[in-house]
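Remarks on the structure that follows.
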2 protein chains.
Amino acid sequence: MSSQKRVRVSVSIREVAAHAGVSVATVSNVLNRPDIVARPTRDRVSASIAELGFVRNESARQLRAGRSRTIGLVVLDVANPFFTDLARGVEDEANKAGLAVILCNSDDQERKEKRYLELLEEHRVQGVLITPVVGASSRLARLQRRGTPVVLVDSRSPSRGQCSVAVDDVLGGDLAVSHLLEAGHQHIAFIAGPRTIRQVADRFEGALRALERAGRRHEDLHVIDVGALNVASGQKAGADIAAMTAGRPTAVFCTNDLIALGVLQEMTRHKIRVPEDISIVGYDDIDFAAAAAVPLTSVRQPRQQLGRTAARMLLEESAGGEAHQHQQVIFEPELIVRQSTAATR
Amino acid sequence: MSSQKRVRVSVSIREVAAHAGVSVATVSNVLNRPDIVARPTRDRVSASIAELGFVRNESARQLRAGRSRTIGLVVLDVANPFFTDLARGVEDEANKAGLAVILCNSDDQERKEKRYLELLEEHRVQGVLITPVVGASSRLARLQRRGTPVVLVDSRSPSRGQCSVAVDDVLGGDLAVSHLLEAGHQHIAFIAGPRTIRQVADRFEGALRALERAGRRHEDLHVIDVGALNVASGQKAGADIAAMTAGRPTAVFCTNDLIALGVLQEMTRHKIRVPEDISIVGYDDIDFAAAAAVPLTSVRQPRQQLGRTAARMLLEESAGGEAHQHQQVIFEPELIVRQSTAATR
DNA sequence: GCGACGGGATGTATCGTTTCACTACGAAGC
DNA sequence: GCTTCGTAGTGAAACGATACATCCCGTCGC
């Protein structure tokens, strides 16, 4: 009986009002403050809304309200499980507050990051969560000047001009290397990604700290530099280690799990047993770390919680206005010991 | 010298016009059709825009234009590398067209999917790319009635009422099992996820087809059912296989790579050598497949291309209007042979 | 010298919603 | 019977950008 319903491109509040025999203001009230509308009227309007298939126009609401009901999340690499888990945490929290998340992938490129920040600014998002490619971006500064809350994720705020959440990477590096030292390892290698990345530098610093505390010299840590934080780089480093005839390290600490998986693969290929011949420690504790052929010992970061907390701080700042106090939250990482590490014989 | 610039909440086109001494229409023209504005005027306006830090209000544009410059992408699981790669393809293509992507994670829940579709409808998105949780959703139908293009991703269109892109999963299953049969394997196991998932059913069907063609009976395929398409399920199945004392299969075909990784891990743990004692084939060819301790033979799906194509079809439909013809694109999967499979001795 | 022309700029209605100020009207208080 | 009050509903002005119709004015052709 309703087969003649046809392609109405869009039903506006005005048509609903006409259909229900009330003013547009009343329809708006039904939508936003139903309690102030008398019961019979309210029901009549609701019926019209359902019958006409009316759906609010978010653009119009936003225009009127001056800001949107979305937040932006800018990450370095959506393909990295670390960031997907983080995104998941952000999404959960945003959903709870009735906000949508625009997920932007800067791909480690300043150009893309800039473009996305402009887009988010045009959309008048309620706030931005970002792991910045570089320290200070002019777009970011402009967003803040406009009054848009910005929370730095996994990147300590240098200026204290904003909120930030991060994990104590120095402690993480310390934990990893302490674990290896306690297991009796004398000769430890550190596979480092680009030192310009703060996380890499901090984890390295933590490694040195552990060494010092154990009364060892910095030179005792054999550093192998690789170009990126991915599996391929780990394989290259692994090949180098396998090629060492004398003085091969008995343990390796990798800047992240992707590298560790690459190293592990090379060890297997060269019949170097893990952990009997060499121990491996990764970082991030991504799901694939536990599922590796030799389950990886890794430093776990509270990824989802990181996302949730960041989102909550953003919402709080957004609501709090002038009264808001910026804060820096630092989480503690945790060492998860699995089969890829063992004591020296 | 510009330190007194302060918290202007937002600069509108009107203020730019006043600053440059022109009308708002001219500012709009500079923004949208710069060629029709005289050079000196254009420069003056541009200078004002820069000085005041003006950024367009996307909501207002959208309201006027009647539709937004964003598209929605609804996936089942952002944590699955298959979907992140797909999203990457969509994003690239959307970016090229100057569109933003709202990434929604339905988490395999009908409730969340529905909520997201409502949100996308409120945002008047230009189109929706979706891997639906269930076949037909009323929200989806309503979106289409409104005239919003919808493209089904990785899910063959049942009604032909819309565009779709998918990969030939029957062929994929066929390729995998044919490969094993050609290598001389007589006793093959299939680790199946929930059969209600179309992909699972299709891959199974393909496996049977290969068997038939080789003159073998369906009963020759040993089916092991598991509850989900993840690593944990694979481990469970792997444990079952390891426990078999007699008649253990010499090859396993897994519904996806996560399961395959789980199986591989269990084999290693039980000192069952891969591929000497047992061959393993996965599905999806995620990056971690190549990086596994024993690099996995897997059926590759053109993930990024899937995303790109879907996005392109959506844009085309969005532009084409009435003239548009719905089409179903089916990609062919490809078998990538690595070290996890070998011929029987 | 006058009309036609056209490049360049402008005035303003419009998109859909929200909200503020206001009206209508019956009930209650004195 | 008049004022006061409260409840329910309405009119209309925003929000910011766009685009259509229009206008202004200097040039050119004849």
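Protein chains get the first letters and strands the later ones, always in sequence-line order, with residue 1 at the start of each.
In this model, the phosphate group of dA17(D) is not approached by any side-chain N or O of Ser28(B) to a distance below 4.0 Å at OP1 or OP2. Within the structure, a side-chain polar atom (N or O) of Asn32(B) is placed less than 4.0 Å from OP1 or OP2 of dT18(D). The shortest distance between the side-chain N/O atoms of Arg67(A) and the OP1/OP2 oxygens of dC15(D) is not below 4.0 Å. Taking 4.0 angstrom as the limit, Ser12(B) places none of its side-chain polar atoms (N or O) nearer than this to OP1 or OP2 of dG16(D). For Ser23(B) and dG11(C), the shortest distance from a side-chain N or O to OP1 or OP2 is not below 4.0 Å.
No side-chain heavy atom of Ile71(B) sits less than 4.5 Å from a side-chain heavy atom of Val125(B).
Taking for each of Ala65(B) and Asp35(B) the nucleotide of DNA chain C with the nearest heavy atom, the 5'-most of the two is the partner of Asp35(B). Ranked by how close their nearest DNA chain C nucleotide is to the 5' end, Thr41(B) and Val24(A) are led by Thr41(B).
Nucleotide dT18(C) holds its P atom 13 Å from the CZ atom of Arg14(A), rounded to whole Å. As rounded to whole Å, 15 Å separates atom P of dG16(D) from atom CD of Gln62(B). Rounded to whole angstrom, the span from the CZ atom of Arg64(A) across to the C1' atom of dA17(D) amounts to 16 Å. Between the CG atom of Asn29(A) and the P atom of dG16(C) there is a distance of 19 Å, rounded to whole Å. Between Leu63(A) atom CG and dT14(C) atom P the separation is 17 Å, expressed in whole Å.
Judged by atom type and distance alone, Arg61(B) does not reach the base of dT18(D) through any side-chain donor-acceptor pair under 3.5 Å.
For Arg115(A) and Glu118(A), the salt-bridge test fails: no basic side-chain N is under 4.0 Å from an acidic carboxylate O. Between Glu58(A) and Arg69(A), at least one side-chain N (NZ, or NE/NH1/NH2) sits under 4.0 Å from a carboxylate O, which counts as a salt bridge.
Across all strands, Ala25(B) comes closer than 4.0 Å to base atoms (heavy-atom distances). No engagement by Arg39(B) is indicated, since no non-hydrogen atom pair under 4.0 Å with the nucleic acid exists.
Defined by atom type and a distance below 3.5 Å, a donor-acceptor pair is missing between the side-chain atoms of Glu122(A) and Asn57(B).
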